[in-house]
Amino acid sequence: VTREEEPRLWNLLENLCISRGLTMPSLRIIETSAMNAYASGLSEKRAAVTVTRGLMDGLDDAELEAVLAHELTHIRNHDVRLLVIAVIFVGIISFVGEIMTRGLLRGSLARAGGARRGKSGNAGVIILIALAIVALSWVLAIAIRFAMSRRREFMADAGAVELTRNPDAMIGALEKISGRSHVEDAPREVRQMFLDDSSTSFFGAFATHPPIEKRIEALVRYAG
């Protein structure tokens, strides 16, 4: 969208960028009543901030400015690039685990083929160990990636307060967004970049975002 199409949103973001000497990202809007936002782009020159219509309608200027500052912090911290690196990191760990498994399987099958019939049961044990290695490496890599993602959200909340000098605005925005952030049909790759994604599993170990209650608690504790 352009300044002429959405002057309120554009001016809030431009003022934040001017105050900190940041490159103005492009602005985009998703036409949905859900309340959410995200930053995208691998570099500041290609960065974009996307917000939903529901977020714009549901927040006052100070709260909307805080959300925009949160997304600007993601851009300043190169969090999108870090997310891509994390995905590659998970892929590397899975690949190494798969290579190790294939090596163990080849070795166990070769030994089983040349062993006496009574000792061939060792091959089955080695196969189970190899599969366990792959599963464990994949689970640990995913858990590390999601833990890192949750930490970046806390940092972006703190960055929003640093940019706006208004912790109450960020707290108010999170309170209004809570329970209203679900965007229908949003791909998983986009949901993990959202301001809030309440999808959790495995007691939160594989959640990409910390609970909003924890984020508000952190802001109250550290930002006053």
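Keep in mind that what you see is a predicted model, and the values were worked out from it rather than measured.
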Novice: Any side-chain heavy atom of Arg221 sitting closer than 4.5 Å to one from Glu217?
Specialist: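 Result yes, sub-4.5 Å side-chain heavy-atom pair found.
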
Novice: Write out all pairs satisfying salt bridge (charged side-chain N to carboxylate O under 4.0 Å, His left out) with one or both partners inside residues 32-57, taking only residues at least two apart or from two chains.
Specialist: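 The answer is Glu6-Arg53, Glu31-Arg53.
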
Novice: So Trp10 and Met24, do their side chains get closer than 4.5 Å, heavy atoms only?
Specialist: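 With C-beta onward as the side chain, the pair touches.
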
Novice: Suppose the criterion is salt bridge (charged side-chain N to carboxylate O under 4.0 Å, His left out): which pairs have a residue in residues 59-68, not counting sequence neighbours?
Specialist: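 Sorted pair list: Arg8-Asp61, Glu63-Lys176.
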
Novice: Which value, rounded to the nearest 0.5 Å, describes the distance between Arg215 atom CZ and Phe154 atom CZ?
Specialist: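 If we round to the nearest 0.5 Å, Arg215:CZ and Phe154:CZ are 7.5 Å apart.
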
Novice: Name all pairs fulfilling the salt bridge (charged side-chain N to carboxylate O under 4.0 Å, His left out) condition that reach into residues 15-30, sequence neighbours left out, sorted by first residue then second.
Specialist: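 Qualifying pairs: Arg20-Glu162.
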
Novice: So which heavy atom on Val183 is nearest to which on Ala34, and how close?
Specialist: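 Where Val183 meets Ala34 most closely, the heavy atoms are CG2-CB, 3.8 Å.
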
Novice: To the nearest 0.5 angstrom, please state how far the CG atom of Leu68 sits from the CG atom of Asn15.
Specialist: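 Going from CG on Leu68 over to CG on Asn15, the span is 10.5 Å.
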
Novice: Are side-chain heavy atoms of Leu72 and Pro25 found at a separation under 4.5 Å?
Specialist: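 Counting from C-beta outward, Leu72 and Pro25 do come under 4.5 Å.
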
Novice: Heavy atoms only: give me the nearest Ala37-Val67 pair and the separation to one decimal.
Specialist: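 In terms of heavy atoms, the two residues are closest at CB-CG1, 3.9 Å.
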
Novice: So which heavy atom on His70 is nearest to which on Ala156, and how close?
Specialist: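 Reported closest heavy-atom pair: CE1-CB, 3.3 Å.
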
Novice: Is the shortest side-chain heavy-atom distance between Glu153 and His74 below 4.5 Å?
Specialist: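 Yes, their side chains come closer than 4.5 Å.
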
Novice: Kindly give the heavy-atom pair with the smallest separation between Ala66 and Thr164, and that separation in Å.
Specialist: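 Minimum heavy-atom separation between Ala66 and Thr164: CA-CG2, 4.1 Å.
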
Novice: Who passes side chain to side chain donor-acceptor pair (under 3.5 Å) against Asn166, sequence neighbours left out?
Specialist: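 None.
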
Novice: Do Tyr222 and Met155 sit in the same hydrophobic cluster, where Ile, Leu, Val, Met, Phe, Trp and Tyr count as joined when their side-chain heavy atoms come under 4.5 Å apart?
Specialist: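 The answer is no; the residues belong to distinct hydrophobic clusters.
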
Novice: Does any part of the side chain of Leu22, heavy atoms only, come nearer than 4.5 Å to the side chain of Leu16, both counted from C-beta?
Specialist: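 Leu16 vs Leu22: side chains apart.
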
Novice: State plainly whether one hydrophobic cluster holds both Leu64 and Ile29, where clusters connect Ile, Leu, Val, Met, Phe, Trp and Tyr through side-chain heavy atoms under 4.5 angstrom apart.
Specialist: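 Both belong to a single hydrophobic cluster.
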
Novice: Does the side chain of Leu174 come within less than 4.5 Å of Leu219's, by heavy atoms?
Specialist: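 Yes, close enough: below the 4.5 Å cut-off.
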
Novice: According to a 4.5 Å side-chain heavy-atom criterion applied to Ile, Leu, Val, Met, Phe, Trp and Tyr, with indirect links allowed, do Val220 and Met170 form part of one hydrophobic cluster?
Specialist: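 Yes, same cluster.
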
Novice: Let me confirm one number: the OG-CZ distance from Ser33 to Arg180, rounded to the nearest 0.5 Å.
Specialist: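 Nearest 0.5 Å value for the OG-CZ distance: 11.0 Å.
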
Novice: What residue pairs, at least two apart or across chains, pass ring pair (Phe, Tyr, Trp, His ring centres under 6.0 Å) with a residue in residues 15-34?
Specialist: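 Found none.
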
Novice: Distance from Glu14 atom CD to Ile18 atom CD1, nearest 0.5 Å?
Specialist: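 Rounded to the nearest 0.5 Å, the CD-CD1 separation comes out at 4.0 Å.
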
Novice: Please give me the minimum heavy-atom distance between Ala39 and Ile75, naming the atom from each residue.
Specialist: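 That closest heavy-atom pairing would be CB-CG1, 3.8 Å.
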
Novice: How would you list, by chain and number, every residue that makes a salt bridge (charged side-chain N to carboxylate O under 4.0 Å, His left out) with Glu175, sequence neighbours excluded?
Specialist: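 Glu175 satisfies salt bridge (charged side-chain N to carboxylate O under 4.0 Å, His left out) with no other residue.
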
Novice: Got Val51 and Ile30 here, is their nearest side-chain heavy-atom distance under 4.5 Å?
Specialist: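 With C-beta onward as the side chain, the pair stays apart.
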
Novice: Okay, side chain of Ser181, backbone of Ile177: is any donor-acceptor separation there less than 3.5 Å?
Specialist: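 Checked: no pair found.
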
Novice: Hydrophobic clustering (ILVMFWY, side-chain heavy atoms < 4.5 Å, transitive) - are Leu27 and Met35 grouped together?
Specialist: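 Yes; Leu27 is reachable from Met35 via cluster members.
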
Novice: Are Met56 and Leu9 side-chain neighbours, meaning at least one heavy-atom pair lies under 4.5 Å?
Specialist: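 They are in side-chain contact.
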
Novice: Tell me the closest heavy-atom pair linking Ala69 and Ala160, and the distance in Å.
Specialist: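 Looking at all heavy atoms of both residues, the shortest contact is CB-CA, 3.7 Å.
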
Novice: What's the separation between atom CZ in Phe194 and atom OG1 in Thr52, rounded to the nearest 0.5 Å?
Specialist: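 The distance works out to 8.0 Å.
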
Novice: Hey, could you give me the CG/CZ distance between Asp196 and Arg191, rounded to the nearest 0.5 Å?
Specialist: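 Nearest 0.5 Å value for the CG-CZ distance: 12.0 Å.
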
Novice: Is there a path of hydrophobic side-chain contacts, each under 4.5 Å between heavy atoms, that joins Val161 and Leu13?
Specialist: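 Val161 clusters together with Leu13.
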
Novice: Would you please test Val190 and Tyr38 for side chain to side chain contact (heavy atoms under 4.5 Å, CB included) and show each step?
Specialist: CA-CA 8 Å; Val190 175; Tyr38 69 94; 3.9 Å; yes

